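To find a chain, count down the sequence lines: A is the first, B the second, and so on, and within it residues start at 1. If you're wondering where the values come from, they're calculated on a predicted model, not measured in any experiment.
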2 protein chains.
Amino acid sequence: MGITKSEHFTDEQNELATLAKAIGHPARIAIIQHLIKVNSCVCGDIVNELPLAQPTVSQHLKELKNAGLIKGNFEGNAICYCLNEEGFNKIKGFFQHINTYLENKKNQCC
Amino acid sequence: MGITKSEHFTDEQNELATLAKAIGHPARIAIIQHLIKVNSCVCGDIVNELPLAQPTVSQHLKELKNAGLIKGNFEGNAICYCLNEEGFNKIKGFFQHINTYLENKKNQCC
DNA sequence: TATTTATATTGCAATATTACGATATAGATA
DNA sequence: TATCTATATCGTAATATTGCAATATAAATA
């Protein structure tokens, strides 16, 4: 139905899914990579970096912000976006858990 | 348009997005967590674990498999799913990069 | 072979996402 | 204040995702 049955899953599962989903678009991957690359809060030049129209980029930024993966500060006229540690810390544990498991698992059937 | 302009992004960006997107649903998080928890290849009892109908679970398993995050082996009648290290290794570097960056960044405006 | 059991596929309805033109808003500056 | 610049929002079209009933498939067993 295009509607996810969130109420049947745990808060943790829903939260992890929301975070992963927010990362799950090439434009949003590109935004994250760009924010890391320039190593400073970047404003509207994200729009120039991406092959998408300004409203589309604005929408992607909003989704990343809603998910808690970036945050924005007013800087004069413009807005300054950068990574939000909080959001990424929430997924960190999940992937560490997986990696630890994968490093130690043995005698699996596949 | 619901259609992602993949052709404008790098292969790496598209691949990372595909992986994150596949993880970005609570049912698929639950499947991953379950496969880790039982520490062995699990067959149809994933269906019993999840609050979704069998065809829906089958579809989620397919998406995880297509993304390279799980793999399945025939085991007699049933099919045995487990985590696919390859897929997870591909995202690992991305998150490690982010974590390293976040741990070292200073004097940011936000 | 017929039946049972496990899983996948099809078809479809409801909803969500992506993209962008047009427009609104809000701060900076002339 | 009028204007410019930067960003957000609205409205809408195209497409994708989610979920499930019905059905198909395929291996195991009676």
Exercise. Decide yes or no on side chain to side chain contact (heavy atoms under 4.5 Å, CB included) for B/Leu69 and B/Asn84, but give the supporting numbers first.
Key: CA-CA 5 Å; B/Leu69 291 166; B/Asn84 185 351; 5.7 Å; no

Practice problem: Return the nearest nucleotide to the side chain of A/Leu52; candidates are C/dC20, C/dT7, D/dC20. | Solution: C/dC20

Practice problem: Could you check how far CG of A/Asp45 sits from P of D/dT5, rounded to whole Å? | Solution: 17 Å

Self-check item: N or O in side chain of A/Lys21 less than 4.0 angstrom from C/dT17 OP1/OP2
Solution: yes

Quiz item: Is any NZ, NE, NH1 or NH2 atom of the basic residue among A/Glu15 and A/Lys21 found under 4.0 Å from an Asp or Glu carboxylate oxygen of the other?
Solution: no

Self-check item: Atom pair distance, as rounded to whole Å: CD1 in B/Ile79 and P in D/dT25
Solution: 15 Å

Quiz prompt | Separation of C/dT17 C1' from A/Ile3 CD1 (nearest whole Å) | solution = 14 Å

Exercise. Determine: side-chain N/O of B/Tyr81 to OP1/OP2 of C/dA6, distance under 4.0 Å, yes or no.
Key: no

Exercise. Just call it for B/Thr56: base, sugar-phosphate, or nothing, with non-hydrogen atoms closer than 4.0 Å on any strand.
Key: base

Quiz item: Quick check: does any side chain N or O of B/Thr18 sit under 3.5 Å from a backbone N or O of B/Asn14, one acting as donor and the other as acceptor?
Solution: yes

Quiz item: How do A/Gly24 and B/Pro55 order along DNA chain C: which one's closest nucleotide is nearer the 5' end?
Solution: B/Pro55

Practice problem: Take the angle between the ring planes of A/His60 and A/His25 and call it parallel below 30°, perpendicular above 60°, tilted in between. | Solution: tilted

Quiz item: For A/Leu50 and C/dA19, what is the distance between atoms CG and P respectively, to the nearest whole Å?
Solution: 10 Å

Quiz item: Has the side chain of B/Gln54 got a donor or acceptor atom sitting under 3.5 Å from an opposite partner on the base of C/dA8?
Solution: yes

Quiz item: Under 4.0 Å: is that the gap between some side-chain N or O of A/His60 and OP1 or OP2 of C/dA19?
Solution: yes

Self-check item: Residue whose closest nucleotide on DNA chain D lies nearer the 5' end, A/Leu61 versus A/Phe9
Solution: A/Leu61

Quiz prompt | Interatomic distance, A/Leu64 CG vs C/dT17 P [rounded to whole Å] | solution = 13 Å

Quiz prompt | side-chain N/O A/His25 vs C/dA19 OP1/OP2, d < 4.0 Å | solution = yes

Self-check item: Stepwise side chain to side chain contact (heavy atoms under 4.5 Å, CB included) test for B/Phe95 and B/Leu16
Solution: CA-CA 10 Å; B/Phe95 283 104; B/Leu16 288 170; over 6 Å; no

Quiz item: Is there a side-chain polar atom (N or O) of A/Lys62 under 4.0 Å from OP1 or OP2 of D/dT7?
Solution: no

Exercise. Nearest whole angstrom, please: distance from the P of D/dA27 to the CG of B/Asn73.
Key: 14 Å

Self-check item: Euclidean distance, atom CZ of residue A/Phe74 to atom C1' of C/dA26 [Å, nearest integer]
Solution: 8 Å

Self-check item: Contact nearer the 5' end of DNA chain D, comparing B/Arg28 with B/Gly76
Solution: B/Arg28

Quiz item: Side chain of B/Gln59: nearest nucleotide among D/dT7, D/dC20, C/dG21?
Solution: D/dC20

Quiz item: What integer distance in Å separates B/Asn77:CG from D/dA30:P?
Solution: 12 Å

Practice problem: Using a heavy-atom cut-off of under 4.0 Å over every strand shown, decide if A/Ser58 touches base, sugar-phosphate, or nothing. | Solution: base

Quiz prompt | Full working for side chain to side chain contact (heavy atoms under 4.5 Å, CB included) between B/Leu52 and B/Val57 | solution = CA-CA 6 Å; B/Leu52 296 169; B/Val57 174; 4.0 Å; yes

